[in-house]
*Asks:* 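My structure is below; once you've seen it, I'll send some questions.
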Amino acid sequence: MPLNFPLAAHTRQTGTRATTQENTMKDTDIKRLLYTHLLCIFSIILSIFIPSLFLENFSVLETHLTWLCICSVFVTAINLILYLVVKPNTPSKRSSLSYKVTRFLKCCIYFLLSCFFFHIIFVLYGAPLIELVLETFSFAVILSTFTTVPCLCLLGPNIKAWLRVFSRNGVTSIWENSLQITTISSFLGTWFGAFPIPLDWERPWQVWPISCTLGATLGYVAGLIISPLWIYWNRKQLTYKNN
Amino acid sequence: MQKISVLLFLIWVSFLFYMGIALFTSGFLLTRVELTNHSSCQELPGPGTLPWGSQGGPRACWMASRFSRLVLVLIDALRFDFARPQHTQVPGDPPVSLPFLGRLGTLQKLLETQPHHARLYQSKADPPTTTMQRLKALTTGSLPTFVDAGNNFASYAIVEDNLIKQLAKEGRRVVFMGDDTWKDLFPGAFSQASFFPSFNVRDLHTVDNGILEHLYPTMDSGEWDVLIAHFLGVDHCGHKHGPHHPEMAKKLSQMDQVIQEIVKRLENDTLLVVIGDHGMTMNGDHGGDSELEISAALFLYSPTALFPGTPPQEPEVIPQINLVPTLALLLGLPIPFGNIGEVIAELFSEVKDSQPRSSALAQASALHLNAQQVSRFLHTYSAAAQDLHVKELHQLQNIFSKASGDYQRLLQSPQGDAAALQTVIAELRQFLQGVRAMCIESWARFSLVRMAGGAALLATACFLCLLASQWATSQGSYFYTLLLPMAWGLAGAIVCAGLLAATGLTLDLVVLGALVAVGSLLPFLWKAWAGWRSRTPLAALLPRPGPVLSLLLIRFAAFFSDSFVVAEARATPFLLGSLILLLVAQLHWEGKLLPPKLLAMPRLGSAAPAGPPRHNSSHALGLGVGLLLCIRLAGLFHRCPEETPACSSSPWLSPLASMVGGRAKNLWYGACVGSLVVLLAAVRLWLHRYGNLKSPEPSVLFVRWGLPLMVLGTAAYWALASGADEAPPRLRALVAGASVMLPRAVAGLAASGLVLLLWRPVAVLVKAVAGTPRTRTVLTPFSGPPTSQADLDYVVPQIYRHMQEEFRGRLERSRSQCPMTVAAYQLGSVYSVAVVTALTILAFPLLLLHAERVSLVFLLLFLQSFLLLHLLAAGMSVTTPGPFTVPWQAVSAWALMASQTFYSTGHQPVFPAIHWHAAFVGFPEGHGSCTWLPALLVGANTFASHLLFAVGCPLLLLWPFLCESQGSRKRRQPAGTEADSRVKPQEEEEPLMEMRLRDAPHHFNAALLQLGLKYLFVLGIQILACALAASILRRHLMVWKVFAPKFIFEAVGFIVSSVGLLLGIALVMRVDGAVSSWFKRLVLSQQR
């Protein structure tokens, strides 16, 4: 897969018409990106308010695990729907049913693997090994939802492509660029979410893993907001070599 | 010469830091010597007869007791204005303005209705106004400082003479209820006690309700002589809500209720004391010396009349500790030995007969006893310590002897008039107040100037480290730039100090040192300032890349929060793990991590050094995961700080001897010895891989034979120590002898090993050279022996290359199947072999000082530093001609790992957590009067990780060169993967490894200097953060419990680290010198 030089300092001279066409294409792309991201944020907000209509005593802090599950389901669903509707990447040439099924199954396996991977990382970072396994795991699930699910939607179960996106000069489209930003900001949010745990404020949200999940959610939302803006801001500098 | 100037420069920078620490410490940590002498009833404090001796009842001591019972109600943080009577214009209308005013109505009522029975004082507490220090003051009558240099750091128990001890000695029944700080201070002194936890500041009611449950039944039962109730609610309310909260009104009203109930139950022979130990600020905090913090209420009441006169309009202001001698004499006890308080004289006047003379005489006799006791204390103290002013001491002694003489004369002449008595009283009081003022001067005052000066010096030294580390590599002739101002400043400062000394001004040693430091700094800063404008902006000096800088900033900021200091044992591994993942992610981002053939997840092969090496970067991910795993495992050996009650310490930190159950003990013993053997085997394998263990050099021989002996000795000692009780009685003597001898033998072996290493640090197999005398010499450009250093620098790499060719040719002919010998001539790894050997030799005696199972942590320590070095080396490319640099992330990770290991070896930065048993390793009978040896042993135990990591610091520079051999081997592999195509073979020659450093000795020295400066900077900002936190938060609730101990530990750790760093760099330089002379000899022998 030839995938070099997506980010040049300035656009090459490829004829005025081609440039303007590219620019308008890019603008529409950025707009679509913004709308999809707003929908994602909306789904998170919904996951906070909708369950309280059906469930008694629902609150984000007290029934945290329930909220995590609901939020994860909502975000996954909206990601899938958006992926099917917007179709950000070029459709694969092979479109047989069996191929699609294996692809979907592969995605599920990848998702599970990433949950286990995050769980292990959390334990290595100091999460309790035996106690609170369920909490830790649901934290891993929500972080996977914020990071792995968009990757799966956009790039498919293709680790090579993932690694490409997350290296210097690896992005080839606006979508991948925003994926990079949201994923990194989710991780950063999670990381900063661990900071209030040792403080002696004795707030309910300082309990493991609530501050971290909240941090991850905030980081994800921040990434969703920042990435269209950042891309819009730097649209002159960004050129992607689409294959 | 260059080497010496590098060392000198590092020593100078360390000296700057030391002076900063010393200056700050002298202003912040006020010290005092604790005396263990006790007053006794039979022995009067001075010459004279018992004044009341003839009529002394059963409870008479130095004076007859006036009260047989005492109720002491200690309301924590009862500020004076909380208890102050409200003189409102409209009676019965409480002021609504402030919630804490006028709530203690009972006191006001008593003062108004029974003016002869009750009295309110404004008592002035001495800083530090923290509860523990106040309790010490209120029972000993002295001025506790933070570091009371006693002989017992392990517990908080008061060793000085105090009221509680005197009460217990006299057989009085002391009943206590309330704050559990008393349990630590007076273990086992109470006949009956109910303690309640004081730590949870948010809980306003548990302690108070607990007291109230016991208070009235106990009072009614009558089974007590002294009853102490320590209420915490008011203090906690202050911390939680502040004094201006309605909750405070409720709490004070509850206290009022309590006092009312107690007053109802008082009998005629009982004295009631209501006292606040300190005040609180507007925000409800305390600890410092502001007016609101030090003013506390003191209220006395008795059903019998106490005072001859009515209370003054404005309550009298008295020092808080005046209560101690007063209570002692009123209860018929001797005044505690170390008391410097003054009796409240009006309590000792005769109430019944209003004749002025007898009243004055009673007062004078109480004061005289008091003064005699204080004078005795001063005499003893000044013999034990030198921190009191000699001149003032003399003056005070003169006042006392005059007053005492006057008093004796008045006693002789019964018709002496009242006026003369009054002058004697005035003299005695003058003496007592003078003593107090002098003691405050030397014991109980922060010196803000010194604190600020120390912190500024530390900050400047940190800045200097940044600046100089930049210059060290960038400038050509940096040594003169660095050395010249330093020499000038030093000379100037010495002259200045000499002048001061000549003019007769007495100067503190600390101040003098700080002056020298500042004086030597100034020219340097001046030069920096002069060359500033043309140079890069300030931001360019800061550690890079950005994430590392922010990590350092987070660590810096974390020292300002007591929660983070307490939780540092968990926070450090978290930060370290983040840094490691960051390194891995950065490698990936740069495209260095992965050959595109992914998912062949790299194994953890590097853990076993014998494994066939692969390309560095391909297993960086494995290294990262392995490191995280090591850190997590080391975190299992965790000792809890006492502030977190929910946490439980690891059971593995206790010695094996405390275990019950033979099987588990044996298994653990096996694991410990196993870890020792694995450690030894790993080190030997590593040496074998990079070097040649067959060389006949003494240091190699030591590695081969001495290290196993040390392992054997350690294992045998552990066996004896863990099973000492089970030894048959016949062997007791033998076991005892062995447990004395074995640790000493191990330490002796280690010392001899280090000496051997220093004597012959180069262990190169010379035999091969001797075997093949060559005719074709490489030294064609020269005729005659090399004369200058430059010649040698040129020649040495040539010889090295030549030798390698030679060896390879021979070896490939003889044993071509062995791929291990390519780099195996020890010359390429000569520096790191020496450092690793030194570390191993150091590790064993240090290990011996710890509990047995910590050996697993030591194994992890070596493993994880090995992994970290590999990971860092994977990210660094070797720049062939220099300049060599060590990146900031490497230094920060190293420092973080040092403090992580400090915690995982079972330490905490608080005094009770020090492993005191380390002092008895090898000295089971104790040390007698010797104090430096146990201090050394305990210090080595506590700061083992600091020492090891600091000595190992040069490895950070050396390791990338060491890893070069692996890269080159990969190159020769036929498989042409994409990774290989990226690493193009630029040169065909064999890896020079560490000989590259010798290629450019100038850059080598610069790199060593830079490494040292960077490490000192990373440690320096930690100590700076601790100092700033301790000085900014000196009013904080936790300052004496968290921040001050942290500062002390960090300061000592810094000193140990800097010494270790200097030793490590000196070792590398010694090896360098030895290599030079070895080459010289080689060249000479070739010439012949």
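Convention: sequence-line order gives letters A, B, ...; per-chain numbering from 1.
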*Asks:* Give, as side chain, backbone, both or neither, the part of Ile631(B) having an atom under 4.5 angstrom from any heavy atom of chain A.
*Replies:* neither
*Asks:* Compare every heavy atom of Val910(B) with every heavy atom of Pro1045(B), then report the nearest pair and how far apart it is.
*Replies:*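 Distance-wise, the nearest heavy atoms are CB-CA, 4.3 Å.
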*Asks:* Give, as side chain, backbone, both or neither, the part of Phe564(B) having an atom under 4.5 angstrom from any heavy atom of chain A.
*Replies:*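 The side chain, not the backbone.
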*Asks:* Heavy-atom distances under 4.5 Å only: say whether Leu636(B) touches chain A with side chain, backbone, both or neither.
*Replies:* neither
*Asks:* What closest approach, in Å, do Cys1026(B) and Lys1046(B) show between heavy atoms, and which atom pair accounts for it?
*Replies:*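 In terms of heavy atoms, the two residues are closest at SG-CG, 3.9 Å.
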*Asks:* Under the 3.5 angstrom rule, does the side chain of Ser59(A) hit a backbone N or O of Glu62(A) as a donor-acceptor pair?
*Replies:* yes
*Asks:* Please check if the number of heavy atoms outside Phe137(A) that lie under 6.0 Å from its CZ is greater than 12.
*Replies:* yes
*Asks:* Less than 4.5 Å to any heavy atom of chain A: does that hold for the side chain of Leu581(B), its backbone, both, or neither?
*Replies:*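 Just the side chain, heavy atoms under 4.5 Å.
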